[in-house]
There are 2 protein chains.
Amino acid sequence: MIRVVIAEDQGLVLGALAALLDMEDDIEVAATATDGQDALERILEIEPDVVLTDIEMPGMTGLEILQVLKEKKFAGRVIIVTTFGRSGYLRRALEGGAAGYLLKDAPADELAEAVRRVHQGLRAVAPELAAQAWGDPDPLTDRERQVLKLAGEGLSNSKIAGELHLSEGTVRNYLSEAIGKLGAANRTEAARLARKQGWL
Amino acid sequence: MIRVVIAEDQGLVLGALAALLDMEDDIEVAATATDGQDALERILEIEPDVVLTDIEMPGMTGLEILQVLKEKKFAGRVIIVTTFGRSGYLRRALEGGAAGYLLKDAPADELAEAVRRVHQGLRAVAPELAAQAWGDPDPLTDRERQVLKLAGEGLSNSKIAGELHLSEGTVRNYLSEAIGKLGAANRTEAARLARKQGWL
DNA sequence: GATCTCGGATGACATTCGTCATGCGGCCGA
DNA sequence: TCGGCCGCATGACGAATGTCATCCGAGATC
C-alpha cells in the first residue's frame with residue numbers, strides 16, 4: 001500500500017484528486033492539506049511514501065516545502081503537480097530533489113502511474129517538459145529578481161528601495177539591468193516576460 | 001439519474017472531477033471535454049441535465065459557451081466552476097443565465113450538492129461570493145479598460161496610442177483617470193488591481 | 001602587497017509618466 | 001435651439017523612470 005499526502009489549495013481539486021487516487025487499490029490517501037504550513041506538519045507527522053503538492057499555495061509554496069523536507073532528510077518522495085510548465089519552476093523542483101513533476105493538463109490516469117513510478121525510485125517528469133527542462137536558464141541575479149518582482153507589482157523605485165534596504169539609484173540600476181537582459185522596453189514588460197518563464 | 005457534461009482544460013483536474021462525481025449514485029458523467037469548441041459540440045449532441053464548465057479554456061471560454069447555449073435555448077442548467085471569485089466574472093455569468101457559480105477552493109462535497117440543487121431548478125452560488133456579487137461594479141469606461149489592459153502588458157503610451165488610434169496625450173488622460181478611480185499609484189498597480197477584480 | 005571582481009552607491013541626463021486646465025465638436029434632452 | 005455632457009485632443013509642468021559613467025570597499029586571486 002502506497003501512502004500518499006496531497007497538498008493543494010483549491011478544495012475542489014484537492015477532493016477530486018483524492019477521490020481519483022483512492023480508486024486505486026494499491027494507493028491510500030493518508031492526509032490532505034490546503035495550505036503549505038499545514039501540509040508540512042502532516043507530512044512530518046505521517047511520513048508518507050509519496051507527497052503530491054501544488055506549487056502555488058498560501059503560507060508556503062510547494063518548492064519551499066521541498067526545501068524543508070530535503071533539509072530534514074525526509075525519506076519519502078515528492079511529486080510536484082502544477083498548472084504550467086515554466087522551465088524555471090521545473091528546474092528549481094528538480095534541483096530541490098523532487099522525484100516527479102506533472103502538469104495539471106496531463107491525462108488523469110498518468111497520476112496514479114506517476115505515484116507508482118516514483119514509489120519505485122524512478123522519476124516521473126511530464127514528457128513535454130523533459131526536453132525543455134534545461135532550456136534557457138534564468139539570466140537574472142537574485143537582486144534583479146527581487147527588484148523586478150516588486151516593480152511588477154506596481155511599487156515605485158523608492159518603495160522598492162525601502163523594502164530591500166537599498167538606495168533608490170541602486171534599484172534603478174538593477175531594474176535597468178534586468179530590462180536589458182530580458183530585451184524589454186520597461187519594467188512592466190520585463191516583469192511580464194520573467195513571470196512567463198517562471199523566473200519570478 | 002442526473003446526466004452531466006464536464007468541460008475543464010486541465011486533464012488531471014478534469015479526470016479527478018469526473019471521478020468525484022461518478023462516485024455519486026444519482027449522477028452520471030455523460031461526457032468530458034478539454035476545450036471549449038469540443039465541449040459545446042458534446043453538450044448540443046448529448047443534451048445533458050447539467051453542464052459543469054471552467055471559464056478559462058482554449059478555443060472558447062465558459063462564458064462564451066454560456067452565451068451560445070442561451071441563444072440556442074438549451075434546456076439544461078449550467079454551473080461555472082472557476083479558480084477565483086472575480087466579481088466581474090460572476091456578474092457576467094449570472095447575467096448570461098448561469099445557474100451556479102462555484103470556486104475551486106470550495107470543499108469537495110459541495111460539488112455534487114450544487115449539481116443536485118441546480119438540477120432541481122435552484123441556484124448554487126458560492127456563499128462567499130453571493131454578497132459581493134453586485135458589490136462594486138466596474139467603474140472603468142471602455143476606453144479606460146482598453147488602455148489599462150495594454151499598459152499592463154508593458155506597452156508605452158505611444159505604443160498604446162498607435163494601437164488604439166488615439167493621441168498619446170489622450171492615452172495619458174485615460175490612464176490617469178483609471179489610476180485615480182482604482183486608487184493606484186501608477187499604471188502597473190492599477191492594472192494589477194483591475195485584473196484582480198476581473199475587470200480586464 | 002598588487003590586482004580583480006562584485007555588490008552597492010552616486011550623479012547627471014534624457015525620456016516617459018501622471019496630473020491638470022483647457023479647448024473643440026457632436027449629440028441628447030429640455 | 002440652447003445648454004450640457006462626452007469623447008477626444010492639446011499643452012505645460014513636475015515627478016518617476018531608464019541609461020551611463022564612475023566610485024568605493026570587501027573578498028578572492030595571484
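Since the model is a prediction, treat every value here as computed from it, not as a measurement. We name chains A, B, ... by the order of the sequence lines, and we start the count at 1 in each one. Only heavy atoms go into these numbers, but all of them, side chains included; no hydrogens, no water, no symmetry mates.
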Open item on the list: Closer than 4.0 angstrom, basic N to acidic O: yes or no for A:Glu8 and A:Lys104?
Closed with: yes
Open item on the list: On DNA chain D, compare the nucleotides closest to A:Ser176 and B:Val171; which residue's is nearer the 5' end?
Closed with: B:Val171
Open item on the list: Without decimals, in angstroms, what is the distance between B:Ile160 CD1 and D:dC8 P?
Closed with: 15 Å
- [ ] Among the candidates D:dT19, D:dT17, C:dT19, find the nucleotide nearest to the side-chain atoms of B:Arg172.
- [x] C:dT19
- [ ] Look at the side chain of B:Ser167 and decide which nucleotide, out of D:dT19, C:dC17, D:dT10, has an atom nearest to it.
- [x] D:dT10
TODO: Whole angstrom is fine here: how far is it from OH in A:Tyr174 over to C1' in C:dG7?
DONE: 5 Å
Task: Side chain B:Asn157, main chain B:Glu168, donor-acceptor under 3.5 Å - done: no
Task: Proximal nucleotide (of D:dA9, C:dA9, D:dG18) relative to the B:Thr170 side chain - done: D:dA9
Task: Distance, rounded to the nearest Å, where B:Leu155 contributes CG and C:dC17 contributes P - done: 10 Å
Open item on the list: Nearest whole Å is fine: how far is C:dC17 P from B:Glu189 CD?
Closed with: 17 Å
Open item on the list: Categorize A:Ser156 for me: base, sugar-phosphate, or nothing, with a 4.0 angstrom heavy-atom threshold over every strand shown.
Closed with: sugar-phosphate
TODO: Determine whether A:Tyr174 and A:Leu166 make a side-chain contact, defined as any pair of heavy atoms from C-beta on separated by less than 4.5 Å.
DONE: yes
Task: Side chains of B:Thr83 and A:Gln10 in contact at under 4.5 Å (non-hydrogen atoms) - done: yes
- [ ] Tell me which nucleotide among C:dA9, D:dA9, D:dG18 gets nearest to the side chain of B:Leu166.
- [x] D:dA9
Task: N/O donor-acceptor pair, side chain A:Asn173 with base C:dT10, under 3.5 angstrom - done: yes
Task: Distance, rounded to the nearest Å, where B:Glu177 contributes CD and C:dC17 contributes C1' - done: 16 Å
Task: Rounded distance (Å) that lies between atom C1' of D:dT17 and atom CZ of B:Arg187 - done: 11 Å
Open item on the list: Please report the distance, rounded to the nearest Å, between CG in B:Asn157 and P in D:dT10.
Closed with: 14 Å
Task: Minimum side-chain heavy-atom gap B:Val4-B:Ile27 below 4.5 Å - done: yes
- [ ] Calculate the interatomic distance between A:Asn186 atom CG and C:dC17 atom P; express it in whole Å.
- [x] 7 Å
